[in-house]
Amino acid sequence: MFRAARGVARTGARFLSSGEHATKTDAEILEMLEKKELKFHQLETAVSPDYERGVALRREFMKNYIPADEATKKQVVDDIPFTNYNYDNVVGSNCENIIGYLPLPLGIAGPILMDGQEYPIPMATTEGALVASTHRGARAISRAGGCTTRITHDGMTRAPVVALPSMARAVELATWIDDNLDQVKGWFAETTRFGRVQSVFVRVVGRKVYIRFRATTGDAMGMNMISKGCDNVMNGISKLFPDMEVLSLSGNMCTDKKPSAINWVNGRGKGVVAEAVIPVELVKSVLKTDVDTLVNLNIDKNLVGSAMAGSVGGFNAHAANAVAAVFLAAGQDPAQVVESSNCITMMEKEENGDLRISVTMPTVEVGTVGGGTTLPAQKACLDLVGCRGANPDKPGENSSLLARVVAASVLSAELSLMSGLAAGHLVRAHMALGRK
């Protein structure tokens, strides 16, 4: 079976230079792969700058090891598109061992009136009814006068774990960090123009110490930035505590891409709250239900039901649906949907009978520079929202706007789904829009 080798592009102990085998024929390069004279992951480098040729060669090589469909005699990989794509944006940045790209349907919900301005909500999804439902919620919110959003906190986290020879030394280190935060912040700031440590939370477990850094990261989501800063801090501390061993730059108290109480309680990334008041007439005419039913259902389902399930951060109907769709459209890290969809949905009946609905999301992890935001389609989606790239005047402003749009999309999706459940329309909508 073909094997994707790890590491940089090198043959034996020698680095493979860019375009080194570009003049060879396809047959010659495939023969080199068979003889292991060229590694599977080196193809783009070998034929640079014709990256598409490298992808085509990898697909051809795979056909020797993946059987064709018995009925059609067609190679499975042939159904994966790979031509007419700008791999310059991907190679060395976004993906390795590339065999093509995955087309994903992209829809638009809204626009939603948010903080006095209309914003479209780009959503990439394969779930029928999701965009339509979010659009219905956004329409109801906009007709009601729009939603209000606020950023409550902003700070990415990283938590190295270190070991000392004894518990006593571990406590000494923890005490030193608490007493010397300015020094810690200085070491961190040496590595970045935008990253600034806000706080350091330290916990001792036996002779191990978990150190949770929280830092602002401008318009970047910030994992690379904060990891680089933490590494420099660890290097500085190791000179004062030479008996300290850094076990891992991430000790899982961060917590990244995993459910955790610490994220839910203390936040990670951006904390966002979105709120709207929906007049009772709109609840009846657009959402086809009534305020009392919605309020009671929110308690029974999103609050009590989630509590009965032992949920951490899951006090909502389907926040992850909207978060995932916007993340895919806007070039965000899909794995961070895990914590970014932490959300509690609240509904209350106003004295005049209107519905007040809010979503509180303490862990929205987004960026408008780096990663998938550099790809053309994803950049276009960020342009639709008006938040592509770094904000030159107010670093962090663009990523904050994206976080607020995420919260607004969740607010719309929650309002619509809960109304559909209250009215008994959920199955009917999915049969109409999610089936053929």
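Values below: every heavy atom of this structure, side chains too, minus hydrogens, waters and symmetry copies. Not measured: the values here are computed from a predicted model.
Formation of a donor-acceptor pair under 3.5 Å by the Arg58 side chain with backbone atoms of Phe40 is found in this model.
In this structure, OG1 in Thr45 is found 9.0 Å from CG in Leu38, a value given to the nearest 0.5 Å. The CE atom of Met347 sits 9.5 Å away from atom CD1 of Ile278, with the distance rounded to the nearest 0.5 Å. To the nearest 0.5 Å, atom CG of residue Asn232 and atom OG1 of residue Thr191 are 6.0 Å apart. The line from CG of Asn302 to OG1 of Thr345 is 5.5 Å long, rounded to the nearest 0.5 Å. Note that CG of Leu294 and CG of Leu415 are 7.0 Å apart. Values are rounded to the nearest 0.5 Å. With values rounded to the nearest 0.5 angstrom, Asn180 atom CG is found 8.0 Å from Leu240 atom CG.
In this structure, Asp231 places its CG atom where more than 12 heavy-atom neighbours from other residues, nucleotides or ligands lie under 6.0 Å away. Atom NZ of Lys394 is surrounded by 12 or fewer heavy atoms from other residues, nucleotides or ligands within 6.0 Å.
Ser17 and Glu20 form a side-chain donor-acceptor contact under 3.5 Å, judged by distance and modelled atom types alone. Checked by atom type, the side-chain pair Ser18/Ser48 shows a donor-acceptor distance below 3.5 Å. Between the side chains of Glu339 and Asn263, no donor-acceptor pair is found at a separation under 3.5 Å.
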*Run the numbers on Thr216 and Asp154 for side chain to side chain donor-acceptor pair (under 3.5 Å), then give the verdict.*
CA-CA 6 Å; Thr216 56; Asp154 184 2; over 6 Å; no
*Please assess Glu350 against Arg356 for the test salt bridge (charged side-chain N to carboxylate O under 4.0 Å, His left out), listing each intermediate value before the final yes or no.*
CA-CA 7 Å; Glu350 299 284 271; Arg356 181 178 295 273; 2.9 Å; yes
*Would you sort out whether Ser416 and Ser133 count as a side chain to side chain donor-acceptor pair (under 3.5 Å), showing the intermediate values?*
CA-CA 6 Å; Ser416 184; Ser133 179; 2.8 Å; yes
*Please test Glu172 against Arg169 for salt bridge (charged side-chain N to carboxylate O under 4.0 Å, His left out), starting from the C-alpha separation and ending with a verdict.*
CA-CA 5 Å; Glu172 284 181 39; Arg169 283 290 284 165; 2.8 Å; yes
Please tabulate, for side-chain N and O atoms in residues 365-381, each donor-acceptor pair with protein atoms closer than 3.5 Å (sequence neighbours left out).
unit_1: Glu365; atom_1: OE1; unit_2: Arg268; atom_2: NH1; d: 3.4
unit_1: Glu365; atom_1: OE1; unit_2: Gln336; atom_2: NE2; d: 3.0
unit_1: Glu365; atom_1: OE2; unit_2: Arg268; atom_2: NH1; d: 3.0
unit_1: Thr368; atom_1: OG1; unit_2: Gly389; atom_2: O; d: 2.7
unit_1: Thr373; atom_1: OG1; unit_2: Gly370; atom_2: N; d: 3.1
unit_1: Thr373; atom_1: OG1; unit_2: Gly370; atom_2: O; d: 2.6
unit_1: Thr374; atom_1: OG1; unit_2: Gly371; atom_2: O; d: 3.0

Distance-only donor-acceptor pairs under 3.5 Å for side chains of residues 80-92, two or more places apart:
unit_1: Asn86; atom_1: OD1; unit_2: Asp88; atom_2: N; d: 3.1
unit_1: Tyr87; atom_1: OH; unit_2: Phe82; atom_2: O; d: 2.6

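Tyr119 pairs with exactly one of Leu401, Leu113, Leu402 by the side chain to side chain contact (heavy atoms under 4.5 Å, CB included) rule, that one being Leu401.
The shortest heavy-atom contact between Ser227 and Arg158 is OG-NE, 3.3 Å.
Counting heavy atoms from C-beta on, the side chains of Trp176 and Val184 come closer than 4.5 Å. Taking 4.5 Å as the limit, some side-chain heavy atom of Asn316 sits within range of a side-chain heavy atom of Glu414. Thr125 places none of its side-chain heavy atoms less than 4.5 Å from the side chain of Pro105.
The pair Arg150-Glu275 does not count as a salt bridge, with every side-chain nitrogen at least 4.0 angstrom from each carboxylate oxygen.
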